[in-house]
Amino acid sequence: LIGARSILDKNSGATKQDVANELGGHPFVAQKTLSQARGFSASALALLHDLLFSLDGSVKRGGASWSIAVDRIVAEMLS
């Protein structure tokens, strides 16, 4: 999503083929990724990435459960 958002920020008219070529994926996947990336700003995706990184470390150290971490990420993505 971050890669697709970056491409959209450079070229708002980017196509699924542009994204597939730049990210090295299949055009079908690029199309789905583009539609999702349009729903987030680059800064929101950066915050979600940081939260995912933090929660992953917390779960691995025993500070949180996976189910709580997933619930938190989903809640953040919906807000």
Side-chain angles (χ1 to χ4, degrees):
L1 286 175
I2 291 172
R5 183 71 251 175
S6 175
I7 293 167
L8 283 171
D9 288 344
K10 293 176 192 169
N11 175 12
S12 62
T15 66
K16 65 181 179 182
Q17 195 59 51
D18 295 333
V19 173
N21 290 342
E22 191 160 337
L23 298 180
H26 191 277
F28 176 77
V29 175
Q31 177 184 0
K32 298 300 182 182
T33 303
L34 268 175
S35 67
Q36 290 295 312
R38 285 187 175 100
F40 295 95
S41 67
S43 60
L45 287 173
L47 289 172
L48 286 170
H49 179 272
D50 291 344
L51 180 59
L52 279 167
F53 186 80
S54 172
L55 289 172
D56 181 57
S58 180
V59 167
K60 289 178 179 176
R61 288 187 306 274
S65 70
W66 282 112
S67 63
I68 291 173
V70 170
D71 288 348
R72 177 126 183 251
I73 285 297
V74 170
E76 288 293 325
M77 290 178 79
L78 294 174
S79 66

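Start at 1 with the first residue, then count along the sequence.
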Distance-minimising heavy-atom pair for [X] and [Y]:
| X | Y | value |
| --- | --- | --- |
| L8 | A14 | CD2-CB, 4.3 Å |
| L55 | A69 | CD1-O, 3.7 Å |
| A42 | D9 | CB-OD2, 3.6 Å |
| G13 | D18 | O-OD2, 4.5 Å |
| A4 | T33 | CB-CG2, 3.6 Å |

Of R38, Q36, Q31, K32, which is the lone residue that meets side chain to side chain contact (heavy atoms under 4.5 Å, CB included) with L34?
->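 Of R38, Q36, Q31, K32, side chain to side chain contact (heavy atoms under 4.5 Å, CB included) with L34 is met by R38 alone.
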Nearest 0.5 angstrom please: [X] [atom1] to [Y] [atom2], how far?
| X | Y | atom1 | atom2 | value |
| --- | --- | --- | --- | --- |
| M77 | I73 | CE | CD1 | 8.0 Å |
| D56 | L51 | CG | CG | 11.0 Å |
| H49 | L1 | NE2 | CG | 11.5 Å |
| S58 | R72 | OG | CZ | 9.0 Å |
| S43 | L48 | OG | CG | 10.0 Å |

Is there side-chain contact between I7 and L23, with heavy atoms separated by less than 4.5 Å?
->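 Result yes, sub-4.5 Å side-chain heavy-atom pair found.
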Do you reckon L52 sits in the same ILVMFWY cluster as L78, going by side-chain contacts under 4.5 Å, direct or chained?
->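 L52 and L78: separate clusters.
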K10: what forms a salt bridge (Lys or Arg N to Asp or Glu O under 4.0 Å) with it, not counting sequence neighbours?
->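 K10: no salt bridge (Lys or Arg N to Asp or Glu O under 4.0 Å) contacts found.
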Assign the ring pair F28 / H26 to parallel, tilted or perpendicular, where the plane angle (0 to 90°) is split at 30° and 60°.
->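 Judged by the thresholds at 30° and 60°, the geometry between F28 and H26 is perpendicular.
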